[in-house]
Student: 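Structure below; questions to follow.
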Protein chains: 2
Amino acid sequence: MRIALDTMGGDNAPEETLAGALCAVEKGWLKPEEILLVGPLERIQDWLDSKGVDHHVFTFEEGGEKGEGRFPILNADQIVKMDDSPVQALRQKPRSSLRLGFESIRRGFAGAMVSAGNTGAVVAHAVTLLKSLKGVKRPGIAVTIEGEAGPFTVIDVGANIQPKPTHLLHYGVMGACLSHEAHGVAHPRVGLLNIGGEAGKGNVLAKEVQQLFSESDLNFKGNIEGQDVFLGVCDVIVTEGFVGNVLLKLSEGLSTHLLHVVEEELAKAGVTKETMKEALSAIWRRVDYSEYGGALLLGIEGVVTICHGRSERRAFSNALGLAKRATEQEIVRKITERIATTSEHSSGKEISS
Amino acid sequence: MRIALDTMGGDNAPEETLAGALCAVEKGWLKPEEILLVGPLERIQDWLDSKGVDHHVFTFEEGGEKGEGRFPILNADQIVKMDDSPVQALRQKPRSSLRLGFESIRRGFAGAMVSAGNTGAVVAHAVTLLKSLKGVKRPGIAVTIEGEAGPFTVIDVGANIQPKPTHLLHYGVMGACLSHEAHGVAHPRVGLLNIGGEAGKGNVLAKEVQQLFSESDLNFKGNIEGQDVFLGVCDVIVTEGFVGNVLLKLSEGLSTHLLHVVEEELAKAGVTKETMKEALSAIWRRVDYSEYGGALLLGIEGVVTICHGRSERRAFSNALGLAKRATEQEIVRKITERIATTSEHSSGKEISS
C-alpha cells in the first residue's frame with residue numbers, strides 16, 4: 001500500500017502538496033512510508049528537513065522498504081506545466097514528477113496516484129502508462145459533490161469530450177460502483193444529464209445512451225435536468241466530458257458569485273462581520289467539493305486522484321485520504337467485475353434482440 | 001405596437017399571465033390596448049370582469065382598433081401542454097393560444113409575443129409561422145443574467161442542440177447586438193464557452209467556432225471556462241443549446257441549493273429569522289434572471305420572449321416590459337443589419353483566402 005504524490009502538480013507546488021502529505025499523516029490517515037513523494041529530490045529534502053521530518057531516497061532499482069516513519073522520495077527533475085500539451089509532456093518529459101508517479105504504479109511500487117497537475121496531461125499519462133480495465137474503452141473522471149441530500153457523483157467531468165454511447169454506459173456502471181462502495185448507497189440511482197425530463201429527449205448521443213441505460217441492469221432513473229442536479233434526485237449523474245466540465249467549473253464560479261451576493265446583502269441587513277465570517281466559512285466547507293478528495297479517474301488499473309489546480313494542503317490531504325480509502329475498498333477490482341457483468345448483460349441482449 | 005400574450009402558457013396559466021398583464025399596465029410600461037390576450041375567450045372575460053377591467057373581443061377579420069384603455073382578447077380554445085410534442089402541437093392544435101399568438105404577428109396585428117409555454121413548441125411555432133432573418137439558418141435563445149459585474153447574455157440556451165459552427169457565429173453577432181442595444185455595452189466582449197482557456201481547446205465544434213470568431217469583426221475574447229461565466233469576464237457567452245440549457249437550469253438549481261445552505265448556516269450562527277428573510281429575498285431578486293424579462297428567441301422576424309414555465313405575475317410583467325423595450329429598440333432590424341455585415345465580412349474573407 002503506497003500512494004504516489006505528484007509534488008509538483010498544481011499552482012501551489014511543492015509547498016502545499018508536501019504540507020498536504022504531512023497533514024494526512026497528522027490526521028492519522030496514512031503513515032509517512034505510505035506516501036511516495038515524487039519530485040525534485042533536494043527541494044523536497046530541504047523542505048522536509050526544515051519541518052524536522054524524516055525521509056529517505058527511493059529508487060525503482062533498490063525498491064523502497066527502507067524504514068518505517070520516513071517519507072520515501074522519488075527524484076523527478078522535470079515538471080509538467082499547466083499549459084503543456086499532454087502529448088508533448090509525454091514525449092519530452094520522461095523524468096517529470098507526473099510521469100514517474102505513474103511509473104511507480106506501473107512497476108508495482110504504488111497502487112494509487114494523487115496529482116493536481118494539468119488534467120489533460122494526467123489523463124494522457126494514465127492512459128499511456130497504465131492498463132485500461134477490461135472492456136473499458138475510455139476512462140472517465142468522477143467527482144463527488146455535496147448536494148441537498150448528501151453526496152452525489154458526476155461522471156465524466158472532462159476526460160472524454162467526444163464520447164460514444166458505450167463510454168457513457170460504462171461511466172454509469174463505474175459511477176454506480178463508486179457510489180455504492182465509497183458512499184454506501186445500496187442501489188445508486190443513475191440519471192443521464194439532459195435538456196428535458198421525458199424519455200427520448202436530447203441530442204443524438206443522449207438518445208442512444210437512454211436506450212443503452214434502459215437495457216442495462218443499472219437503477220436508471222431516466223433523464224435529469226440541470227435544475228435537479230444538486231437536489232438529491234440521483235446518486236450518479238452521467239454526462240459527456242464537455243458538459244460535465246462546464247457543470248463542475250460553473251458550479252465553482254456561481255458559488256463564488258452567490259456568496260459575494262450573500263455577503264453584500266447580509267451586510268446591508270446589518271449582520272455583523274464576525275457572524276458573517278463564521279457562517280460563510282461553514283458554507284464554503286459545504287460547497288467545496290475538494291472536501292470529498294477531488295476527482296477520481298475511473299477505468300484504468302490504478303487509483304488516480306486528480307485535484308484542482310488551486311488546491312492547498314487541506315485539499316491534498318483529503319485527496320490522499322480518498323486515494324487510501326479507494327484502495328482499501330478495492331474500487332478498481334470491483335469496477336472491473338461490474339464492467340464484466342455489464343458486458344455479459346449487453347451481449348445477452350444483443351443475442352436475444 | 002401590440003404584444004401578443006399567450007395566456008395559457010406555463011404552470012400558472014391563465015391567472016398569473018393575466019395578472020402579469022395587469023401588473024405591466026399598473027407599472028406604466030404598457031397600455032391595455034397594447035397587450036393582446038390570446039386564450040379562451042370566456043375564461044379571460046370572466047377573470048377581467050372579476051377585476052373590473054375593461055376588454056373587447058379582437059378578431060383577425062375585424063382587426064383590433066376598437067378602443068383605448070381596453071384589453072383586446074383573441075379567442076383561442078386549444079392549449080399546447082408542457083409535454084406536447086412540438087410537431088404534434090403544430091399539426092393538431094391550429095387554434096391554440098400559442099399558435100394564434102404567432103398568427104397575430106404573422107398577420108401584422110402584433111410585433112411581439114410573450115409565452116411561458118413548452119420551449120420546444122414555442123421555437124417550432126416561431127420557426128414555422130414567422131420568417132427567419134436573412135442569413136440566419138437557425139434561431140437561438142438568449143437569456144440575460146445578473147453576474148458579478150452586471151448583466152451578461154448567454155446564447156443559445158436550448159433552441160438548437162446540434163448546431164453548426166456558422167449558427168454559433170450568428171449567435172455571437174445577435175448576442176452582441178442585444179448586449180449593445182439592450183444593455184448599452186459599447187463593444188460587447190464575446191466569449192465561447194469551452195473546457196479550457198487556451199486557443200484550440202475543446203471539441204470539434206468549439207475548435208471550428210474559435211476560428212470563425214477570430215476571423216469575424218466581433219470583439220472576441222476567446223474561450224471562457226465555466227468558473228468565469230458569472231464573474232464579468234464577458235458580456236456575451238456563446239454556447240451550443242445543449243450546454244446552454246444545462247448551464248441555465250443548473251444555475252437555477254444550484255442557487256436554490258446554496259440558499260438553503262446559507263439559510264441553515266445563518267440559523268446556526270444565530271441570525272434572526274427576520275433579518276434572514278429580508279436578506280434572502282434581496283438575494284433571490286438578484287439571482288432570478290426573470291428580473292430581466294426572460295429569454296429572447298433571436299433570429300426571426302418578430303420579438304419572441306420565452307418565460308420560465310413556473311413564471312408568476314412579476315415574471316410575466318417583466319417579460320412584457322422586455323418585449324416592449326426590444327420592440328422600441330428595433331432589436332430585430334438592428335440584428336438583421338449586423339447579420340448582413342457579418343455575411344459580407346465572411347464572404348470577403350472567403351474570397352481573399
Side-chain angles (χ1 to χ4, degrees), chain A residues 83 119-120 146-148 158 161-162 193-198 201-206 225-232 239-262 264-271 275-276 278-280 282-283 286-287, chain B residues 83 119-120 146-148 158 161-162 193-198 201-206 225-232 239-262 264-271 275-276 278-280 282-283 286-287:
Chain A
D83 56 358
T119 304
E146 180 76 20
E148 197 77 9
I161 59 168
Q162 305 254 317
L193 186 59
N194 206 338
I195 58 166
E198 304 83 11
K201 283 263 178 181
N203 54 17
V204 174
L205 177 69
E225 292 183 87
Q227 69 269 31
D228 294 323
V229 165
F230 277 84
L231 303 186
T239 185
E240 49 185 308
F242 193 100
V243 180
N245 191 272
V246 169
L247 181 158
L248 188 68
K249 291 175 176 170
L250 180 80
S251 302
E252 188 189 326
L254 177 54
S255 300
T256 305
H257 167 59
L258 267 179
L259 292 186
H260 286 170
V261 172
V262 167
E264 278 177 32
E265 294 299 333
L266 290 182
K268 280 187 208 162
V271 174
T275 307
M276 205 142 70
E278 185 188 333
L280 284 172
I283 296 164
R286 287 175 61 177
V287 164
Chain B
D83 56 357
T119 305
E146 180 76 20
E148 197 76 7
I161 59 169
Q162 305 255 319
L193 185 59
N194 206 336
I195 58 165
E198 304 83 12
K201 283 263 179 181
N203 53 19
V204 174
L205 177 69
E225 293 183 85
Q227 69 269 31
D228 295 323
V229 165
F230 278 84
L231 303 185
T239 186
E240 49 187 307
F242 192 100
V243 180
N245 191 272
V246 169
L247 181 158
L248 187 68
K249 291 175 177 170
L250 181 79
S251 303
E252 185 189 329
L254 177 54
S255 300
T256 306
H257 167 60
L258 267 179
L259 291 186
H260 287 169
V261 172
V262 166
E264 279 177 31
E265 293 300 333
L266 289 182
K268 281 187 209 162
V271 174
T275 308
M276 206 141 70
E278 184 187 334
L280 284 172
I283 295 164
R286 289 175 62 177
V287 164

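A, B, ... follow the sequence lines: proteins, then strands. Residue 1 opens every chain.
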Student: Taking every non-hydrogen pair under 4.5 Å, which of B:E252, B:R286, B:E278 racks up the most with chain A?
Tutor: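 The candidate making the most pairs under 4.5 Å is B:R286.
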Student: Is it the backbone or the side chain of A:S255 that comes under 4.5 Å from a heavy atom of chain B, or both, or neither?
Tutor: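 Both backbone and side chain.
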Student: Against chain B, work out which of A:G147, A:G158, A:G197 has the most heavy-atom pairs shorter than 4.5 Å and name it.
Tutor: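 With the most close heavy-atom pairs to chain B, the winner is A:G147.
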Student: Using a 4.5 angstrom heavy-atom cutoff, name the option from A:V246, A:L266, A:N203 with the most pairs to chain B.
Tutor: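 That would be A:N203.
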Student: Are B:L250 and A:L250 packed together at the side-chain level, in the sense that at least one heavy-atom pair is separated by less than 4.5 angstrom?
Tutor: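 A side-chain contact exists here, since the closest heavy-atom pair is under 4.5 Å.
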Student: Which one of B:D228, B:L248, B:L231, B:L193 has the most heavy-atom pairs closer than 4.5 Å to chain A?
Tutor: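 Among B:D228, B:L248, B:L231, B:L193, the one with the most close pairs to chain A is B:L193.
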Student: Could you tell me which of A:G241, A:A267, A:G226, A:A269 has the largest number of non-hydrogen atom pairs under 4.5 Å with chain B?
Tutor: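 Highest number of heavy-atom pairs under 4.5 Å: A:G226.
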Student: With a 4.5 Å cut-off on heavy-atom pairs, point out which of B:T119, B:T239, B:N194, B:L280 contacts chain A the most.
Tutor: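 The residue among B:T119, B:T239, B:N194, B:L280 with the greatest pair count is B:N194.
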Student: Measuring from atom CG of A:L258 to atom CZ of B:F230, what distance do you get when rounded to the nearest 0.5 angstrom?
Tutor: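 CZ of B:F230 is found 7.5 Å from CG of A:L258.
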Student: Picking from A:Q162, A:E148, A:K268, which has the most non-hydrogen pairs under 4.5 angstrom with chain B?
Tutor: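 Maximum pair count with chain B is reached by A:E148.
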Student: Hey, is the main chain of A:I195 close enough, under 3.5 Å, to the side chain of B:K249 for a donor-acceptor pair?
Tutor: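 Yes; at least one donor-acceptor contact below 3.5 Å.
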Student: Among B:L259, B:V287, B:V262, which residue has the highest count of heavy-atom pairs closer than 4.5 Å to chain A?
Tutor: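 Answer, by heavy-atom pair count under 4.5 Å with chain A: B:V262.
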Student: Which heavy-atom pair separates B:F242 from A:A206 by the least distance, and what is that distance?
Tutor: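 Scanning both residues completely, I find the closest heavy atoms to be CE1-CB, 4.5 Å.
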Student: Below 4.5 Å from any heavy atom of chain A, which atoms of B:E146 appear? Answer side chain, backbone, both or neither.
Tutor: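 For B:E146, the contact with chain A is made by the backbone alone.
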Student: Tell me which of these, B:L254, B:I161, B:V271, B:I283, has more heavy-atom pairs under 4.5 Å with chain A than the rest.
Tutor: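 Answer, by heavy-atom pair count under 4.5 Å with chain A: B:L254.
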Student: Check whether B:L247 gets within reach of chain A through its side chain, its backbone, both or neither, counting any heavy atom under 4.5 Å.
Tutor: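 Interface part for B:L247: both.
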Student: What part of A:H257 gets within 4.5 angstrom of chain B, counting heavy atoms only: side chain, backbone, both, or neither?
Tutor: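 Both backbone and side chain.
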